[in-house]
Amino acid sequence: MEAQDRLDLYRTMVLIRTYEEAILREYHADKKPVFDIGAGLVPGEMHLSAGQEPVAAGVCAHLTGDDAVTATHRPHHFAIAHGVDLQRMTAEIFGRTTGLGGGRGGHMHLFDPAVHFSCSGIIAEGYPPALGQALAFQRRGTDRIAVAVTGEGAANQGAFHESLNLAALWKLPVVFVVEDNDWGISVPRSASTCVTSNADRAAGYGIPGVRVEDNSVEAVHEAAGQAVARARAGEGPSLIEVHTLRLWGHFEGDAQGYRSDLDGVPGRDPLPTYENQLRADGELDDAKVAGFRAAASERVEAAIAFAKESPEPDPATALDFVFARA
Amino acid sequence: MEAQDRLDLYRTMVLIRTYEEAILREYHADKKPVFDIGAGLVPGEMHLSAGQEPVAAGVCAHLTGDDAVTATHRPHHFAIAHGVDLQRMTAEIFGRTTGLGGGRGGHMHLFDPAVHFSCSGIIAEGYPPALGQALAFQRRGTDRIAVAVTGEGAANQGAFHESLNLAALWKLPVVFVVEDNDWGISVPRSASTCVTSNADRAAGYGIPGVRVEDNSVEAVHEAAGQAVARARAGEGPSLIEVHTLRLWGHFEGDAQGYRSDLDGVPGRDPLPTYENQLRADGELDDAKVAGFRAAASERVEAAIAFAKESPEPDPATALDFVFARA
Amino acid sequence: MTLTEPSAPAGRKLSTAKAMVEAIAQEMERDERVFVLGEDVGSYGGIFSSTTGLLDQFGPRRVLDTPISETAFIGTAIGAAVEGMRPVVELMFVDFFGVCMDQIYNHMAKIHYESGGNVSVPMVLTAAVGGGYSDGAQHSQCLWGTFAHLPGMKVVVPSNPADAKGLMTSAIRDDNPVVYLFHKGVMGLPWMAKNRRSIGPVPEGDHTVPIGKANVVRPGSDVTVVTLSLSVHHALDVADELAGQGVDCEVVDLRSLVPLDTETILDSVGKTGRLLVVDEDYLSFGLSGEVIARVVERDPTLLRAPAARVAVPDVPIPYARPLEYAVLPTPARIRQAVLNLVGA
Amino acid sequence: MTLTEPSAPAGRKLSTAKAMVEAIAQEMERDERVFVLGEDVGSYGGIFSSTTGLLDQFGPRRVLDTPISETAFIGTAIGAAVEGMRPVVELMFVDFFGVCMDQIYNHMAKIHYESGGNVSVPMVLTAAVGGGYSDGAQHSQCLWGTFAHLPGMKVVVPSNPADAKGLMTSAIRDDNPVVYLFHKGVMGLPWMAKNRRSIGPVPEGDHTVPIGKANVVRPGSDVTVVTLSLSVHHALDVADELAGQGVDCEVVDLRSLVPLDTETILDSVGKTGRLLVVDEDYLSFGLSGEVIARVVERDPTLLRAPAARVAVPDVPIPYARPLEYAVLPTPARIRQAVLNLVGA
Ligand SMILES: Cc1ncc(C[n+]2csc(CCOP(=O)(O)OP(=O)(O)O)c2C)c(N)n1
Ligand SMILES: Cc1ncc(C[n+]2csc(CCOP(=O)(O)OP(=O)(O)O)c2C)c(N)n1
Ligand SMILES: [Mg+2]
Ligand SMILES: [Mg+2]
C-alpha cells in the first residue's frame, strides 16, 4: 500500500477512536454518582465501537459519498469513516435540533442522506434496505454500491440469510460486512454460531466469502477492495467477516462480568498495533502521531461544542415529521 | 433393501396417491359449474402432494409415532406416511366435529398429538417448533427425533437459517427435509434460490447435507436412514433435499399457465416408476398391484365416508378452545 | 387490463382487481420510478389478480417475482424508496406480516420520523385480507387494526372498484408509506363467490381518492353503520332490506384507517344518535373500539343507545364453514345488531 | 435472589425484577418442566434483571442463552411446550416482536384452537416494554395493544413487585400461552430512574395473582383512571396530589389485558361517571379505545363527561428528552386530563 493510503487509514482510525473516547467522556460525565442510563446530556443506550476501527476504516476507504452504508446499533465508526457530517451526527447524539434527525433518532438512528448513510437498532434488519439501495443504484446504470454491516451475533438472524440469497440471486452490488467481535452482548460466538467462520456461509449463496482474522486494517482494506470492485463491476455481492475486537462493554454501563477474555483485551487493541507498525515502517513518528491526534481532537471537540451549543427541540414539535407533508 | 421394506414403501406411496386422488375428486365434486374456492364439502385452498410421495414414504419409514413431524401447507403425504389417523384427518379436511381439530383447523392445520404430527400454512415456520420437540425428547433422555419439512421455496426464508443454526449449535435430534419440487407457486427455483442445491447450505451450519436427485423413494430412504440414525445417536441435525415433483398445480384451481415444464411432468411420475422397478425386480405383479390399490382405496373411501357421515360443528361452539380451561 | 388495450366505453365496469391494476399501470406509465415486486406478481399476476398483466406490459425489470423472503424483499422496497424509487410491494396475505413486521413497522414506518423528515419512504405495501372461503386461521385475517395501531404508515382499505383505483393512485403518489389492504371478497375474482358490487364503474384516466376521507355510501337517519371493505356491502344489503321495515341506516365506508376521518363519523352519529361498527378484524383492541372512542371522547351524549360492534369475537378464524360464518360479520349479525339498536 | 438464600423476614421488600425472578425460581423448583431461554438470560441475568441468578441456581440445562434468532428460539419454546415442557422465553425488548411475530401470533396463540383443544401450549413469553430513558423509537415501545388484539394469548402487565411475582406464578401455571410484559421503569433497576414503588413488599412462598382481575389500587369517587404498568404510579402520584385539591381519583390497575376485567371498569365508572384511560402504548386502535368502548357498549349514560385518554399520540417515540416526555403519559398530562374531566 501507498504510504498516503496507509496514513489515511490511520487517520480515520484515530478520528474514530478520538470520537468514541469523547462520547464516552460526555456520556458518563453527568450520570453520577449512581449511573442512571436516562440521565445527562447524552442519555439512552450507548454502543461504542472502540476496537472495531479497522473494519470501518478499511471498508469505507473504497467508498464515496455516493455509495450507501447501512450500519447497526453500533454505528459511529462506520458513520465517521463514511463521511457522515460529524457535527450533525454529534448533535443528534445530544438530541439537538441541529442533529441529523433533529433529535428524533438518537445514536442508533443516524440518517445522513447526503452520504446515503443509515443505521438501525434491530439486529440484522439493516441488511434488507441495503439491497434496495443497491437495486436503485443498479437501475440507474451507475457503479454505486451499498455496504451492509452487522455483528457476528446478527449473522444468525433470518434477515441475514434472506438478504444474502436475494442479493446473490439478483446480483445486487452489495458488500456484506460481518464484524465478529466475539460477543453478542454477553453471549460468546461459540454459544451463538454453529460454524467458526461466517465466510463459510457465503458458499451457501454462491458468493465469495472472506474472513479477515487479525483485525488488521490493511487486511480489511484488501479484502474490501476486492469485494467493492466486484460489486462495482456488476458481478454481485460478497461477504467479508472481520475478526475484530470489542474494546469496551456491549453498551456503556455494562460491567462485563461475563467476559472471559477481558484480560487479553488491551493487548489486542488495533490502534497501537497499527501505529507501531507504521512507526516501524518509518511512516509515523511522535510528532506525526501527535499531529493526527490533535487534528482529530479538534474536529471532535468542535462537533461536541456544536452539539452542546445547539438548541434542544421544542416539545411542541414532537409530532412533526410522522408523515411527510404533501 | 429387503423386499418387504420395498413393498412397504410402495404401499405407503399408493396410499398417499389414492388419498390425494380421492381428495381431488371430492374437492372438485361440488364446485361446479364455475369453480368457487369456498364452495362444496371441502372448501378453501387445497395443496395436494401427488408426485412427492417418495419423500414422505422414504423419510417416515424410519420413524415411529413417538417421533415428531412438522409439515407444511402441503401436508397430506407426510401425515399419512407418519401414521396420522386417516379418518380424523379426513374429517378435519371436511370440517367435521370428528376431525383432528373438530373442524377448526382444516387441511393446513392438522394436529395429531398421538403421533406428534403438526403442520402450518406459513412458509418455513414449521421448522422452529420441531426444534422444541426435539429438545423435549432430548431432555427426557430418549432417542426420539423430530423431522421438519419445507419446500425449496421455503429454504430462502429466515426461519430456515435460524433453525439450522440453532439445531446445529444445540445438537438437536432433528432431520430437516427440503422438498424441491422446482416451484414455489409460480416461481421457479431458479428465480428464488441462488444456489443449485440446498444441501450445499448445510456446510454453513457444519452439518451433513445430502441432495437426492431423482425422486426415488429408495434413495430418499437411504439418505433419511443416515440422518435419522445420526439424530438418534445424539450427533445432531442433518439436511436432506429431495428433487421431487409437483404432479399437479400449486393448489387446486391453479391453471399452471406459468409452468414451463408441464409437458414433461407425467413422464416423471414417481409412482409408475417405482411400480415398474418393483415389477422388473419380480416383487410386484398385476394382482399384487391391484391388491395394494384395493386396500388403499378401501381405507381412503372409508375415511371419506366417515368424514361425510360425521356431524358438522355447531356454530354455537365457535368460541370453544380459544383458551384451555383451567 | 392494460393501458394499451383500446379504452373501454364511458361507464365501463371493472372488477376491483382490474381497477387496482389499472391504477398501478397508469402510474408506472406516468412515473418510471414506480415498480412492482412480490411473490407471484409476475407471470401469475398476483394470487388475487392484483398485478395481472403488468409483467407483459412492463417487463421483468419493473415487475419482479421474489423469493419467499418477505423481510428481504420488503426491506429492498424500503431501500429503493429511500433512494427515490416508488415501489409497490406485495405481501401476499396480510396474515404473513409476522415474518416481516420489523421491516414494516420499525423501518418503513419510522425512518421518516427518526430522520427528522430528511429521508422519505414513498412506497405502497399491498396485502390481501379477509375470510369467508374456509382458508383457516392463517389465511383469513384482516389485521388492519394491527397496522393502524403503529405510527408512521397510512392505511387504506378500498371496498369497491372505483375506490380501489383512486386509493391506489393516491397511495403511489403519496410521499409516505401506505399500506393498501384489499379484501379477496371484493376483488371480483372469477373463482370466488363475490359481492355484486365487486364489479362496478371506474373512472378512466387519472382518478384519485383522497387518503383520509371516509365516504357516506348510504345516507340515513336512524343508525350509523361505520364499516369498511367487504362489510360495506353487507351493511348496504342490510340497509336496503331494513329500509323496507322502516329502519333507515346511514352507511359510512371508512376507506382509510390512518388517517381516520373522525369528523365524518361524528357528523353521522350526531344525526342518527346510534352507532354500530362492523369490522371483519378482531373485536378487541382494534378498529371498532377506536371508532367508538372517537365519538365518546368528543361527546357521549351523541349516543342515544349503547354503541354496538359486530366483529370477529377474539377467536382465530375457524376453518369449517358453520364455525367461520358464526364469527364473521355476516349480514344476519349486522341486521340483528341494527335492530337491537333501534329497539333500544 | 435465590431460594437457597435464607428467606427474608416477613414484610421483606423486593424489587419488581427480584420478585419476578423469585416466581420463576420457585416454579422451576416445583416443576422440572419449567425452563428459561432467551438472549442474555444466562450469565448476564437478563438485560433488565429478569433472570438474575437463575443460571447459578439451575445450571445451563435449564437456563439457556440463545443466539439472536427470535423466530428459532421462540419456536423452540413452542415445540417444547407442545411436548409438555413449560418454557419461559424472553424477547429482550417487545420492540423486537416484528422479527418473530409469526411464531407468536400464528403458532403459539393459535395451535390450541386449530387443534380443537387437543394440543396445549403452556408457555410464558416475557418482554421488556416502555420508554422514558431516551432509548429511541425501536427500544421504548409498549405494544401491549398489538398483542391483546390478536386472539389466543393472555396478556399480563404487572406494575409492582407483588403482582410481578403473583402474575408470573400464575402465568407459568397457566395451560395457555401468556405474554408477560414488564416495564423497565418498574423493575427497580439500580441503573435507571425508578418509581419509588418499584421496590415493595412481596409475599413469600406461593403467591399467585389471578390473570384477568384488575386491581383498584386507589378507591375514589370523582374520576376513574384506568391504567397499567408504570403509568399506575404516575396516576397514583397525581391522585395523591389532586386529593389535596378536592379531586378524588379512583385508580384501576388493569394488570391483565387479556382477559380484560370489564366488570371492574364498569363498576368504577358507574360510581364516578368520569373515565380517563392512561396508556403508554400508542393512542389509536389499542387499549385506550377498547376500554372506552367496553363502557359505552354497555351504557353511554354512565359517562357524565366525555371519556378521555392520555397515551402516546401516534408518533414513534422520539429520542431527545424534551420530545420523548412530550409524548409519554407524564404526571403533568394525567393531571391536566383529570382536571379537564372534573371541570367538564
Ligand atoms: C432482533 C433483535 N434482537 C435482539 C436485539 C438486542 N441486541 C442488541 S445488540 C445485541 C447483540 C448484537 O451482537 P452482534 O450482532 O455481534 O453485534 P455487536 O453488539 O457485537 O456489535 C442484541 C442481542 C436487537 N436489537 N434486535
Ligand atoms: C411466509 C409466507 N409467505 C408466503 C406464503 C404463500 N405461499 C404458500 S405456499 C407458497 C410456495 C411454497 O413453495 P415451496 O416452499 O417450494 O413449497 P411447495 O408449495 O412447492 O410445496 C407460498 C409462497 C406463505 N404461506 N407464507
Ligand atoms: Mg458481536
Ligand atoms: Mg416447491
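No experiment lies behind these values; they were computed from the predicted model shown. Convention: sequence-line order gives letters A, B, ...; per-chain numbering from 1.
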Looking at every heavy atom in both [X] and [Y], which two are closest together, and how far apart are they?
X	Y	value
A:Val322	D:Pro316	CG2-CD, 4.2 Å
D:Pro190	A:Val34	O-CG1, 3.7 Å
D:Pro322	A:Pro313	CB-O, 3.6 Å
A:Ala318	D:Ala326	CB-CB, 3.9 Å
A:Gly121	D:Gln138	N-OE1, 2.7 Å

### Task
Verify side-chain contact (heavy atoms from CB on, under 4.5 Å) between A:Glu45 and D:His139, making sure each step is shown before the conclusion.
CA-CA 9 Å; A:Glu45 285 182 64; D:His139 290 78; 3.6 Å; yes
### Task
List the steps, then state whether side-chain contact (heavy atoms from CB on, under 4.5 Å) holds for A:Leu319 with D:Val327.
CA-CA 8 Å; A:Leu319 303 192; D:Val327 309; 4.3 Å; yes
Is it the side chain or the backbone of [X] that comes within 4.5 Å of chain A heavy atoms, both, or neither?
X	result
D:Ser140	neither
D:Glu324	neither
D:Tyr325	neither
D:Ile47	side chain

### Task
Starting from the C-alpha separation in whole Å, work towards a yes-or-no answer on side-chain contact (heavy atoms from CB on, under 4.5 Å) for D:Asp40 and A:Tyr258.
CA-CA 10 Å; D:Asp40 305 285; A:Tyr258 55 80; over 6 Å; no
### Query
Using a cut-off of under 4.5 Å for heavy-atom pairs, which of A:His250, A:Met108, A:Glu312 has the most such pairs with chain D?
A:Met108
### Message
Check whether A:Arg104 reaches the backbone of D:Ala137 with its side chain - one donor and one acceptor, N or O, closer than 3.5 Å.
### Response
no
### Task
Examine whether an atom of A:Thr193 lies under 4.5 Å from a heavy atom of chain D, and if so say whether it belongs to the side chain, the backbone or both; otherwise answer neither.
neither
